[in-house]
*Asks:* 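One structure, as structure tokens, below. Some questions next.
Naming convention: chains lettered A, B, ... in sequence-line order (proteins, then strands); numbering from 1 in each chain.
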2 protein chains.
Amino acid sequence: MGEDDDFLRLDLQVCFPLYAASNLFSRLYRPVLAKLGLTYPQYLVMLVLWEQAPQSVGALGERLHLDSGTLTPLLKRMEGAGLVTRQRDAADERRVLIALTEQGMALRQQARDVPQTLASGLSLSPEELIELRASVQHLVAVLASAEATVSPS
Amino acid sequence: MGEDDDFLRLDLQVCFPLYAASNLFSRLYRPVLAKLGLTYPQYLVMLVLWEQAPQSVGALGERLHLDSGTLTPLLKRMEGAGLVTRQRDAADERRVLIALTEQGMALRQQARDVPQTLASGLSLSPEELIELRASVQHLVAVLASAEATVSPS
DNA sequence: GCTTTTTATATTGTGCACAATATAGTTGAT
DNA sequence: ATCAACTATATTGTGCACAATATAAAAAGC
């Protein structure tokens, strides 16, 4: 008990720096995104929709690894803000299609400089960022497959 | 507008895989930690306290990059669960010292295998995990210093 | 055609995460 | 000693994140 060879030290965890980095990133984005009227998860939704719209709630959730319990109220707030519309798919009434409004599309221009604004404050080289991104993307793939293994459909 | 050379594509973001990995990790930990009666952030608090206790709320927050608005209710729930005690520091009445109860200390034995249980399900080599951990720890340091720069004390 | 199963989203309740603010305690400069 | 500035924690309100459950629509089996 209390030996130093156990694996419970905070500095030995992989999960903790990910957790801290995620929180710190969202804190760093907050004032920048506030000018656009977005929260950080809402910004991620906009990134997905700017690539392709309309999309169903489920498709958004699959891309972002979030479920309807998170997305539904978030999307309703975005609808209230005039950024997106929500309407049932006529072809499959179970689906709700999320589309961009004119305002939502226009917001892309204002968001254009957000990534570089933040990256510029980070004192990390582009190479470091690219390598880090690839590593964590790989981890996400591993975690997502582990999730699918544990709770099989 | 819509050119492919802008930086708004989700796959080009560093922040998004961190966000997804953090969520996926906490989802993966949830069923394991539930057996110990802990949530994932509560588990992190226990890791810190198992290293050293008692600690003030502020010291916990500094270590975990969390503020009192997050920690106070979390610690009250942990107090209610019988894992920690909360009492004012007699030497400085502004501080609240968080200490472990017998039950809180005993829980360490039950938690002993948690890290390896999770790591074993990940299909990542120990070398990959160590390198990833170092990269993200470095990022946390960079983000924390950026935070300090933006909002100077 | 009608029931069973599956699928897609919504709802409810709990627990973070954090900004803004409040409160109480401490320190420092006179 | 007194008061202004500062520090540590608590409170309030908003917005995620997710498990569990509900509801409704579609698909599949008979």
*Asks:* Parallel under 30°, tilted from 30 to 60°, perpendicular over 60°: which one fits the rings of A/Tyr43 and A/Tyr29?
*Replies:* tilted
*Asks:* Residues of residues 79-87 of chain B with any non-hydrogen atom less than 4.0 angstrom from an atom of DNA chain D: list those, numerically ordered, please.
*Replies:* B/Arg86
*Asks:* Taking the side chain as C-beta and beyond, is there a heavy-atom pair between B/Met78 and B/Ile98 under 4.5 Å?
*Replies:* no
*Asks:* Between A/Arg95 (CZ) and C/dT7 (C1'), how many Å, whole number?
*Replies:* 9 Å
*Asks:* Can you list the residues that meet the side-chain hydrogen bond (donor to acceptor under 3.5 Å, both in side chains) rule with B/Arg86, with sequence neighbours excluded?
*Replies:* B/Glu79
*Asks:* Among residues 46-60 of chain A, which ones have heavy-atom contacts with DNA chain D below 4.0 Å?
*Replies:* none
*Asks:* I want to know whether B/Tyr19 and A/Tyr40 have ring centres closer than 6.0 Å.
*Replies:* yes
*Asks:* Could you check whether any side-chain heavy atom of B/Leu64 comes within less than 4.5 Å of a side-chain heavy atom of B/Thr70, counting everything from C-beta outward?
*Replies:* no
*Asks:* Could you state the atom-to-atom distance from CZ of A/Arg94 to C1' of D/dA24 in whole Å?
*Replies:* 9 Å
*Asks:* Looking only at side-chain N and O atoms, does A/Lys76 come under 4.0 Å of OP1 or OP2 in C/dT9?
*Replies:* no
*Asks:* Grab the CG-P distance between B/Leu38 and C/dG15 for me, whole Å please.
*Replies:* 13 Å
*Asks:* Could you list the residues that satisfy side-chain hydrogen bond (donor to acceptor under 3.5 Å, both in side chains) with A/Gln103, not counting sequence neighbours?
*Replies:* none
*Asks:* A/Asp92: what forms a salt bridge (Lys or Arg N to Asp or Glu O under 4.0 Å) with it, not counting sequence neighbours?
*Replies:* A/Arg94, A/Arg95
*Asks:* To the nearest Å, give me how far apart CD1 (A/Ile98) and C1' (C/dT9) are.
*Replies:* 10 Å
*Asks:* Strictly under 4.0 angstrom, non-hydrogen atoms only: write out the protein contact profile of nucleotides 16-23 of chain C, one letter per nucleotide from the 5' end, B, S or -.
*Replies:* SBBS----
*Asks:* Rounded to the nearest Å, what distance is computed from the CG atom of residue B/Leu75 to the C1' atom of nucleotide D/dA10?
*Replies:* 12 Å
*Asks:* As a test of reading the structure: which of D/dA10, D/dA26, C/dT26 is closest to the side chain of A/Asp92, going by heavy atoms?
*Replies:* D/dA26
*Asks:* Rounded to whole Å, how long is the line connecting atom CD of A/Glu62 with atom C1' of C/dT7?
*Replies:* 13 Å
*Asks:* Whole angstrom is fine here: how far is it from CZ in A/Arg88 over to C1' in C/dA8?
*Replies:* 8 Å
